[in-house]
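Take a look at the structure set out below.
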Amino acid sequence: MEKIEFMKYALSLAKESAEEGEVPVGAVVVCDGEIVGIGRNRRETVKNALHHAEIEAINSACQKLGGWRLWKCDMYVTLEPCPMCAGAIINSRIRNVYFGAKDEKNGAVVSAAQLFDMNFNHKPLYEGGILGEECSEILSEFFRDLRKKKAGEEK
């Protein structure tokens, strides 16, 4: 598989989240060309602020690989990681992060903050814009539908 295929898989996870009423974000962790961890947003379903796609994917990869150091792994995520997730990526030693859409308000890679460029003990490499239009569109559609639903409930 290549970058596009891994991001397509992450997008399929994001679509599952959207179908459950969750913000549509999906993530996969890849080691040696194999998906070893998957995650999707499930904060509303689980009622827990920690259930971001990236955190679930890291947890899944750690369980599969039997350790917390994911230094041979890459992550593909449909939305630029937030500060919590960027911190988890740094602490798990993921080497490369590929994200789709920027998150201008909460993104901690290139947008609101640049945690990967700070003087931490590990600096993941990163690339944004992988299937960026598709990743942005699923988010825009989700929030557009949510606003319509809320407007209908107010009447």
So that I can tick it off, tell me whether D117 and K123 are bridged by a salt bridge, with the cut-off set at under 4.0 angstrom between side-chain N and carboxylate O.
no
By side chain to side chain donor-acceptor pair (under 3.5 Å) - contacts of Y98 (at least two apart)
none
Gap between atom SG of C85 and atom NE2 of H52 - 0.5 Å precision:
5.5 Å
NZ/NE/NH1/NH2 to OD/OE distance under 4.0 Å, K102 and E80:
no
Check ion pair R144-E137 (N to O, under 4.0 angstrom):
yes
In terms of side-chain geometry, is the basic nitrogen of K3 or E127 positioned less than 4.0 Å from the acidic oxygen of its partner?
yes
Counting only heavy atoms not in W68, do more than 12 sit closer than 6.0 Å to its CH2 atom?
yes
For residues 50-69, pull every pair meeting salt bridge (charged side-chain N to carboxylate O under 4.0 Å, His left out), keeping only residues two or more places apart or in separate chains.
E34-K64, R42-E56
Look up atom CG in L11 and atom OH in Y76, then write down how far apart they are to the nearest 0.5 Å.
13.5 Å
Applying the 4.5 Å side-chain criterion to the ILVMFWY set and letting contacts propagate, would M118 and Y126 be lumped into a single cluster?
yes
Count the heavy atoms belonging to other residues, nucleotides or ligands that lie under 6.0 Å from CD of E133, then report whether that count exceeds 12.
no
Got a sec, which hydrophobics cluster with I55, joining ILVMFWY side chains under 4.5 Å apart, including via others?
L50, M84
Evaluate whether atom NZ of K72 has more than 12 neighbouring non-hydrogen atoms of other residues, nucleotides or ligands under 6.0 angstrom away.
no
